[in-house]
Amino acid sequence: GEYETVEELKKGIEEDMLKRKQESAQNAFEDAVIEALVENVEGEIPECMYDNKAKEDVDSFAQRLAQQGIDVDTYLMYMGMDKAIFESQMRERAVADVKIELAVEKIIELEGIAASEEAIADEYKKMSEMYQLDVEKLKELVPEATVAAEIAKQEAFKVVIDSAKAEKPAAK
């Protein structure tokens, strides 16, 4: 393959393993930061926001299943899952999603985050390469405001992640 000696192979494997461990640790850190963000969202959030998000998520999930020729009840039967538990899990996820969305919107507002024209152009270019579509066609399919909003959200997440501090767990 790409290595000429056993030593080079060993070193390559070690580097790959280290890289995967670092990526895994970074992902775990980011997940913990987002979880902490959700736990610290304060304010009166109408229950209907959670209910609407949960319904959207269930409907979207059902639609994806239908594209594969299966309905939700059949899926749940195969998974050995009760419909009430499924809906409870979807609602729980919806609560977190709504809180994240509201927190991100507030961070965007407070930090004055806005996507630059260059960032928007770069994102359209990446999407063009990913989906093998002309940039102008993409602009017809995905409005610039949507791309700008997504870039702003990613920047807000970056602000949260970059300002978070990892703490060592207390010794037991």
Side-chain angles (χ1 to χ4, degrees), residues 2-3 7-61 64 79 81 84-131 138 142-172:
E2 62 187 87
Y3 304 105
E7 278 306 309
E8 287 177 8
L9 175 62
K10 285 181 183 179
K11 186 175 180 179
I13 291 171
E14 288 173 2
E15 288 171 358
D16 288 346
M17 289 173 62
L18 177 62
K19 183 179 176 185
R20 274 184 269 178
K21 283 182 182 180
Q22 289 171 332
E23 288 172 355
S24 178
Q26 181 64 28
N27 290 339
F29 175 72
E30 290 176 8
D31 289 348
V33 169
I34 298 303
E35 188 176 311
L37 177 65
V38 168
E39 290 173 8
N40 288 295
V41 169
E42 294 179 6
E44 291 187 33
I45 302 171
E47 288 295 315
C48 66
M49 288 183 77
Y50 302 138
D51 295 338
N52 290 342
K53 177 66 174 148
K55 183 180 179 338
E56 286 174 20
D57 291 350
V58 168
D59 290 347
S60 176
F61 186 73
R64 287 192 308 273
M79 298 304 291
M81 185 182 290
I85 292 171
F86 169 74
E87 289 173 348
S88 172
Q89 289 174 344
M90 293 298 275
R91 176 109 175 19
E92 190 177 304
R93 183 70 238 160
V95 167
D97 288 348
V98 167
K99 287 182 175 184
I100 289 169
E101 186 70 28
L102 293 173
V104 165
E105 286 175 8
K106 194 64 174 176
I107 292 165
I108 289 169
E109 175 189 327
L110 293 173
E111 295 291 325
I113 298 171
S116 69
E117 292 298 318
E118 183 180 338
I120 294 169
D122 288 346
E123 188 62 27
Y124 273 122
K125 184 178 177 189
K126 287 180 202 170
M127 291 168 55
S128 172
E129 292 168 2
M130 184 184 316
Y131 297 113
L138 272 171
V142 183
E144 187 172 309
T146 302
V147 173
E150 189 58 35
I151 291 169
K153 285 179 190 178
Q154 295 306 316
E155 286 298 315
F157 278 121
K158 189 175 183 313
V159 166
V160 172
I161 300 299
D162 290 349
S163 61
K165 304 268 187 274
E167 295 179 2
K168 278 188 172 182
K172 292 184 179 185

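Residue numbers start at 1 and run along the sequence shown.
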Please report the shortest heavy-atom distance between [X] and [Y], naming the atom on each side.
| X | Y | result |
| --- | --- | --- |
| Ala148 | Ala115 | O-CB, 3.7 Å |
| Ala54 | Ala94 | N-CB, 3.5 Å |
| Ile100 | Arg93 | CD1-NH2, 4.0 Å |
| Val104 | Ala156 | CG1-CB, 3.9 Å |
| Met49 | Val98 | O-CG2, 3.7 Å |
| Ala164 | Val33 | CB-CG2, 3.5 Å |

Quick check: do Tyr124 and Glu144 have side-chain heavy atoms less than 4.5 Å from each other? yes

Is the shortest side-chain heavy-atom distance between Glu14 and Met17 below 4.5 Å?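 The answer is no; the side chains never approach within 4.5 Å.
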
side-chain contact (heavy atoms from CB on, under 4.5 Å) between Phe157 and Ile107, intermediate numbers included: CA-CA 9 Å; Phe157 278 121; Ile107 292 165; over 6 Å; no

Is Lys126 salt-bridged to Asp122, going by a charged N under 4.0 Å from an acidic O? no

Value rounded to 0.5 Å, distance of [atom1] in [X] from [atom2] in [Y]:
| X | Y | atom1 | atom2 | answer |
| --- | --- | --- | --- | --- |
| Asp16 | Lys11 | CG | NZ | 12.5 Å |
| Lys125 | Met130 | NZ | CE | 13.5 Å |
| Leu37 | Ile161 | CG | CD1 | 8.5 Å |

For Asp97 and Tyr50, what are the C-alpha separation, side-chain angles and deciding distance, and is it a side-chain contact (heavy atoms from CB on, under 4.5 Å)? CA-CA 9 Å; Asp97 288 348; Tyr50 302 138; over 6 Å; no

Above 12 or not: heavy atoms from other molecules or residues under 6.0 Å from OH of Tyr131?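 No.
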
For atom CE of Met79, decide whether the heavy atoms of other residues, nucleotides or ligands shown that lie under 6.0 angstrom number more than 12. no

Only one of Asn52, Asp59, Asp57 passes side-chain contact (heavy atoms from CB on, under 4.5 Å) with Lys55, and that residue is Asp59

CA sep, side-chain torsions, deciding dist, call: Glu150, Lys153, side-chain contact (heavy atoms from CB on, under 4.5 Å): CA-CA 5 Å; Glu150 189 58 35; Lys153 285 179 190 178; 4.0 Å; yes

Quick one: side-chain hydrogen bond (donor to acceptor under 3.5 Å, both in side chains) pairs with a partner in [range], sequence neighbours left out?
| range | result |
| --- | --- |
| residues 103-116 | Lys106-Glu109 |
| residues 33-49 | Glu47-Arg91 |
| residues 18-27 | Gln26-Glu30 |

Output yes when a side-chain donor or acceptor of Ser163 lies under 3.5 Å from a complementary backbone atom of Val159, and no otherwise.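 Side chain of Ser163 to backbone of Val159: a pair is present.
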
Once salt bridge (charged side-chain N to carboxylate O under 4.0 Å, His left out) is applied, do any residues pair with Asp162, and if so which ones, sequence neighbours excluded?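 For Asp162 the salt bridge (charged side-chain N to carboxylate O under 4.0 Å, His left out) partners, ignoring immediate neighbours, are Lys158.
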
Kindly indicate, with the supporting measurements, whether the criterion side-chain contact (heavy atoms from CB on, under 4.5 Å) is fulfilled by Glu101 and Lys53. CA-CA 11 Å; Glu101 186 70 28; Lys53 177 66 174 148; over 6 Å; no

Residue pairs, two or more places apart or on separate chains, that pass ring-ring contact (aromatic ring centres under 6.0 Å, His included) and touch residues 92-117: none

Which residues pass the ring pair (Phe, Tyr, Trp, His ring centres under 6.0 Å) test with Phe61, not counting sequence neighbours?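 Tyr75, Phe86.
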
